[in-house]
A.B. asks: 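Here it is, the structure in full.
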Amino acid sequence: MDRMKPLKRASQFFYEKSNLKVAILCTTIFVAYLLLVMTRQATGFEIPNSNVRSLGMTFGFEESDILAFFQARTDEMVFAYINFNLIWDTIFALIYGIMYTVWLSVLLKAAAGKVGIINLIPFLQVTFDWLENYSLGYLAEQYLTNG
């Protein structure tokens with residue numbers, strides 16, 4: 001049994017169904033979700049004029065950064081941050097993963113036989129984003145439990 005068969009089928013699906021119209025539609029959905037959903041959901045934990053709006057947007061943070069982020073927020077804000085990461089940002093990752101996969105499929109369609117499943121690479125980023133989201137949710141829950 002070929003373990004790559006499901007990936008090859010998914011890759012082929014995107015190559016077959018992707019075109020410029022679908023790519024533009026996916027990009028429109030991505031932008032709309034970012035502007036209409038993500039920005040609204042982030043207001044529940046953002047502090048005006050703060051340099052750090054989300055730990056997920058910070059590269060290489062340390063324990064002191066995590067504590068400072070949570071200590072500056074109320075419990076309700078930390079709960080909003082948990083929901084943001086576990087619900088809204090998780091959906092966002094799937095949206096951008098599909099969008100990038102569609103665009104790669106459009107761009108690589110002519111060479112699909114040579115490049116194979118390379119069009120699915122964006123889903124690796126989705127997986128890492130989900131791991132980050134659940135880790136940040138766990139950190140937030142631990143902060144609420146233990147301080």
Side-chain angles (χ1 to χ4, degrees), residues 1-46 50-70 73 75-146:
M1 183 175 166
D2 186 9
R3 291 183 181 183
M4 297 293 285
K5 199 170 191 174
L7 289 176
K8 289 178 183 177
R9 276 193 300 223
S11 174
Q12 189 59 36
F13 171 81
F14 279 101
Y15 282 126
E16 288 174 7
K17 302 297 181 186
S18 297
N19 58 49
L20 191 57
K21 287 182 182 179
V22 173
I24 291 170
L25 175 64
C26 288
T27 303
T28 303
I29 292 168
F30 166 82
V31 171
Y33 188 85
L34 179 64
L35 296 176
L36 300 175
V37 177
M38 293 289 283
T39 54
R40 287 184 182 159
Q41 294 301 322
T43 60
F45 61 86
E46 285 184 346
S50 174
N51 290 339
V52 179
R53 294 186 174 192
S54 172
L55 290 173
M57 298 299 287
T58 307
F59 185 73
F61 52 83
E62 297 178 4
E63 183 178 349
S64 59
D65 300 318
I66 296 168
L67 286 173
F69 179 84
F70 290 129
R73 287 159 175 80
D75 286 357
E76 291 79 23
M77 293 171 90
V78 175
F79 280 119
Y81 184 66
I82 292 169
N83 286 334
F84 178 83
N85 281 293
L86 299 184
I87 299 169
W88 306 109
D89 198 30
T90 299
I91 295 168
F92 183 64
L94 187 58
I95 290 171
Y96 76 65
I98 291 171
M99 180 192 71
Y100 289 138
T101 299
V102 167
W103 274 110
L104 273 178
S105 299
V106 168
L107 296 172
L108 300 174
K109 189 179 279 196
K114 292 180 182 179
V115 296
I117 64 170
I118 199 167
N119 63 331
L120 299 180
I121 285 177
F123 287 115
L124 289 174
Q125 178 59 36
V126 171
T127 303
F128 289 121
D129 198 347
W130 285 348
L131 291 171
E132 177 192 45
N133 291 342
Y134 288 108
S135 297
L136 292 172
Y138 177 77
L139 285 173
E141 288 174 0
Q142 287 300 305
Y143 175 77
L144 290 174
T145 303
N146 303 328

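Positions are given from 1 along the sequence.
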A.B. asks: Which distance, rounded to the nearest 0.5 Å, do you find between the NZ of K21 and the SG of C26?
C.D. replies: 14.0 Å

A.B. asks: Please identify each residue that fulfils side-chain contact (heavy atoms from CB on, under 4.5 Å) with L144, with sequence neighbours left out.
C.D. replies: D75, V78, F79, I82

A.B. asks: Going by salt bridge (Lys or Arg N to Asp or Glu O under 4.0 Å), name the residues that satisfy it together with K8, two or more places apart in sequence or in a different chain.
C.D. replies: D2

A.B. asks: If you measure from CZ on F13 to NZ on K17, what distance do you get to the nearest 0.5 Å?
C.D. replies: 6.0 Å

A.B. asks: Using modelled atom types only, decide if a donor and an acceptor are shared between the side chain of Y15 and the backbone of G116 within a distance under 3.5 Å.
C.D. replies: yes

A.B. asks: Locate the shortest heavy-atom distance separating E46 from R73; write the atom from each residue and the value.
C.D. replies: CA-NH2, 4.5 Å

A.B. asks: Identify the heavy atoms of N133 and L86 that sit nearest to each other, and give their distance.
C.D. replies: O-CD2, 3.8 Å

A.B. asks: Roughly how far, to the nearest 0.5 Å, is the CG atom of L108 from the CD1 atom of I117?
C.D. replies: 12.5 Å

A.B. asks: Looking at side-chain heavy atoms only, is the closest gap between L104 and I118 below 4.5 Å?
C.D. replies: no

A.B. asks: Could you tell me whether a side-chain N or O of T90 sits under 3.5 Å from a main-chain N or O of N85, the two making a donor and an acceptor?
C.D. replies: yes

A.B. asks: Would you compute the distance between atom OH of Y134 and atom CG of L139 and round it to the nearest 0.5 angstrom?
C.D. replies: 15.0 Å

A.B. asks: Please name all residues satisfying side-chain contact (heavy atoms from CB on, under 4.5 Å) with L25, sequence neighbours left out, ordered by chain then number.
C.D. replies: I29

A.B. asks: Identify the heavy atoms of L7 and L120 that sit nearest to each other, and give their distance.
C.D. replies: O-CD1, 3.3 Å

A.B. asks: Under 3.5 Å, side-chain donor or acceptor atoms of residues 30-41 against the rest of the protein: list the pairs with distances, not counting sequence neighbours.
C.D. replies:
from	atom 1	to	atom 2	distance (Å)
Y33	OH	W88	O	2.9
T39	OG1	L35	O	2.5
Q41	OE1	W88	NE1	3.1

A.B. asks: OG1 of T127 to CD of E132: how many Å apart, nearest 0.5 Å?
C.D. replies: 13.0 Å

A.B. asks: Run the ring pair (Phe, Tyr, Trp, His ring centres under 6.0 Å) test against Y143 and tell me which residues pass, sequence neighbours left out.
C.D. replies: F70

A.B. asks: Mind checking side-chain contact (heavy atoms from CB on, under 4.5 Å) for V126 and listing every partner two or more places apart, or none if nothing turns up?
C.D. replies: A93, Y96, F123, W130

A.B. asks: Can you list the residues that meet the side chain to side chain donor-acceptor pair (under 3.5 Å) rule with Q142, with sequence neighbours excluded?
C.D. replies: N146

A.B. asks: Quick one: list whatever passes side-chain contact (heavy atoms from CB on, under 4.5 Å) with E16, sequence neighbours left out.
C.D. replies: Q12

A.B. asks: According to the side chain to side chain donor-acceptor pair (under 3.5 Å) rule, which pairs have a member within residues 98-109, sequence neighbours left out?
C.D. replies: T27-W103, S105-N119

